[in-house]
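Only one structure is covered here, and it is reproduced in the block below.
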Amino acid sequence: MKFKQLSMTIAALSVVGTAMVPSAVAAPTAGPIAAPKFGVVYDAGGKFDKSFNQSAYEGLQRFSKETGIKVLEVQANSDTQAEQVMRGLARKKIDLIAAIGFSQTQAVQKVAKEFPNVRFVLIDSIAQGPNVNSVMFKEQEGSYLVGTAAAMASKTKKLGFVGGMDIPLIRAFACGYAQGIKATAPKAEIVQNMVGTTAAAWNDPAKGGELARAQFDRGVDVVFAVAGGSGMGALQMAKEKGKLAIGVDSNQNYLHPGTMLTSMVKRVDVAIYDSFKSVQNGTWKGGVTYKGLKEGGVDWVLDKDNRKVVTPEIEKRVNAVRTDIINGKIKVIDYRAGSSCPV
């Protein structure tokens, strides 16, 4: 894949020799940086996945457009490759490296320890170290909202979910979705399928489409696709079958207007933009950051592309639920907290 700003290969980044690992890791020096250097490592989905990685790319683009600062971009197709390219960026004395996706957790953990003066922001997982900021999203809250919308829009009261890789993160989406559905339509039936158990599950649109088709054949009339590139197949199948679909991570409503009920957006773009700005102005801090509805980290989308399929009743109900979650009146259970779902 060719990047518009900079295409970098493993060979270009790899340098002979091993970095010295310090016995004690200290936090990077604080204070504003006049001309900071940034790098982004996308996961196997690639920055044009119309979903998770693309959201990160949009945050990068916004920052670069506002500041004129270019960002080095690379894609890691495996965990081993992630560590290699990350180490290559760190050797270039990058001020902050953004690692997109839970699959890069071990790479961040290892490379951050080797390069204590380089800051890291890890999206969707937690790594330790004073030079690491781990950003976690409350996917269950946004999923509860779209579950509410799905239950109201469904005529059959049979709702589908197509997940990518079967991991706790994706089950958190599914659980939040199910909670929203059951709170709205207690007798609704929910059909869930995962594309697979390896990283390949994110890039199999044919399988995503097959799973959605099977769900539609069982009477499902709304499907929530949380499967990266594989989800594109599920959304396309919904269009072909005349059903409704829900997008994820980025606003995917534009892909199939009239088919897309809504999208559960995860503001990775904002997380990346804020991280870069905080390094630039000297306010960056390590630790774990949680972003839910209250923090503007997740939400549902209502725009010109889905306005015709979202009734005033659905809009009113979803927004009321949104307020109740933010105010704490509705507590949405996170599957990851106890590896179980209450519904």
Side-chain angles (χ1 to χ4, degrees), residues 25-33 36 38-43 51-60 62-63 71 82 86 94-113 115-145 167-170 172-173 176 248-250 264-299 322 325-328 331-337:
V25 181
T29 303
I33 300 175
F38 298 104
V40 171
V41 182
Y42 302 106
D43 71 9
S51 187
F52 185 75
N53 287 275
Q54 186 163 324
S55 182
Y57 172 66
E58 289 167 357
L60 174 161
R62 176 187 167 197
F63 176 81
V71 179
M86 212 172 286
I94 297 291
D95 292 294
L96 181 139
I97 297 172
I100 313 303
F102 74 94
S103 64
Q104 300 189 49
T105 307
Q106 293 305 314
V108 170
Q109 188 75 61
K110 189 171 183 178
V111 180
K113 187 175 181 180
F115 295 89
N117 290 320
V118 176
R119 302 164 185 80
F120 294 79
V121 58
L122 174 61
I123 302 296
D124 260 2
S125 189
I126 297 175
Q128 305 300 320
N131 57 333
V132 179
N133 174 222
S134 301
V135 180
M136 298 289 287
F137 293 87
K138 298 177 183 179
E139 293 88 358
Q140 69 276 8
E141 293 183 352
S143 297
Y144 190 106
L145 295 185
I167 53 174
L169 170 63
I170 302 306
F173 276 98
V248 75
D249 292 336
S250 293
M264 200 297 276
V265 290
K266 199 156 95 170
R267 301 307 302 270
V268 178
D269 58 329
V270 175
I272 294 302
Y273 175 86
D274 288 348
S275 292
F276 289 171
K277 289 295 289 185
S278 66
V279 170
Q280 184 184 33
N281 62 31
T283 60
W284 186 92
K285 293 181 180 179
V288 182
T289 303
Y290 291 92
K291 293 181 176 291
L293 284 171
K294 186 176 182 178
E295 297 79 19
V298 297
D299 216 332
R322 183 180 184 276
I325 292 174
I326 290 174
N327 293 339
K331 303 288 186 182
V332 187
I333 303 300
D334 183 354
Y335 172 88
R336 293 161 292 193

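Nothing fancy with the numbering, it's 1 onward along the sequence.
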Return yes if some donor-acceptor pair links the side-chain N/O of [X] with the main-chain N/O of [Y] below 3.5 Å, else return no.
| X | Y | answer |
| --- | --- | --- |
| Asn131 | Phe115 | yes |
| Thr105 | Phe102 | yes |
| Asp269 | Glu58 | no |

Notebook entry, point to check: In chain order, what residues pass the ring-ring contact (aromatic ring centres under 6.0 Å, His included) check against Phe63, with sequence neighbours excluded?
Noted result: Phe38, Phe276
Note to self: So, using ring-ring contact (aromatic ring centres under 6.0 Å, His included) as the criterion, who are the partners of Phe137 when residues are at least two apart?
What the structure shows: none
Next item on the list: Using the side-chain contact (heavy atoms from CB on, under 4.5 Å) rule, take Gln104 and Phe120 through it: C-alpha gap first, then chi angles, then the decisive distance, then the call.
Entry: CA-CA 11 Å; Gln104 300 189 49; Phe120 294 79; over 6 Å; no
Set of residues satisfying salt bridge (Lys or Arg N to Asp or Glu O under 4.0 Å) with respect to [X], sequence neighbours excluded:
| X | answer |
| --- | --- |
| Lys110 | Glu83 |
| Asp95 | none |
| Arg336 | Glu139, Asp334 |
| Asp274 | none |

With sequence neighbours excluded, tell me which residues meet side chain to side chain donor-acceptor pair (under 3.5 Å) with [X].
| X | value |
| --- | --- |
| Lys285 | none |
| Thr283 | Asn281 |
| Gln109 | none |
| Ser51 | Asp249 |

Once rounded to the nearest 0.5 Å, what's the spacing between atom [atom1] of [X] and atom [atom2] of [Y]?
| X | Y | atom1 | atom2 | value |
| --- | --- | --- | --- | --- |
| Gln280 | Ile33 | CD | CD1 | 9.0 Å |
| Glu295 | Thr289 | CD | OG1 | 10.0 Å |
| Tyr335 | Gln140 | OH | CD | 13.5 Å |
| Ile123 | Tyr42 | CD1 | OH | 12.0 Å |
| Leu122 | Ile97 | CG | CD1 | 12.0 Å |
| Glu141 | Asp299 | CD | CG | 10.5 Å |

Taking every non-hydrogen atom, the tightest pair across [X] and [Y]:
| X | Y | value |
| --- | --- | --- |
| Ser125 | Ser134 | O-CB, 3.2 Å |
| Val108 | Ala127 | CG1-CB, 3.9 Å |
| Lys291 | Gly297 | CB-CA, 3.7 Å |
| Met136 | Val288 | CG-CG1, 4.3 Å |
| Ile100 | Ala56 | CD1-CB, 3.7 Å |
| Ser275 | Val121 | OG-CG2, 3.5 Å |

Next item on the list: Quick one: list whatever passes side-chain contact (heavy atoms from CB on, under 4.5 Å) with Ile326, sequence neighbours left out.
Entry: Leu293, Lys294, Arg322
Check: Got a sec, which residues hit side-chain contact (heavy atoms from CB on, under 4.5 Å) with Gln106, two or more places apart in sequence or on another chain?
Finding: none
Next item on the list: Any chance you could lay out the side-chain contact (heavy atoms from CB on, under 4.5 Å) test for Arg119 and Asn133, step after step, and finish with the verdict?
Entry: CA-CA 8 Å; Arg119 302 164 185 80; Asn133 174 222; over 6 Å; no
Next item on the list: Please report the C-alpha distance between Val248 and Lys266 in whole Å, then the side-chain angles of each, then the deciding distance to 0.1 Å, and finally whether the side-chain contact (heavy atoms from CB on, under 4.5 Å) criterion is met.
Entry: CA-CA 7 Å; Val248 75; Lys266 199 156 95 170; over 6 Å; no
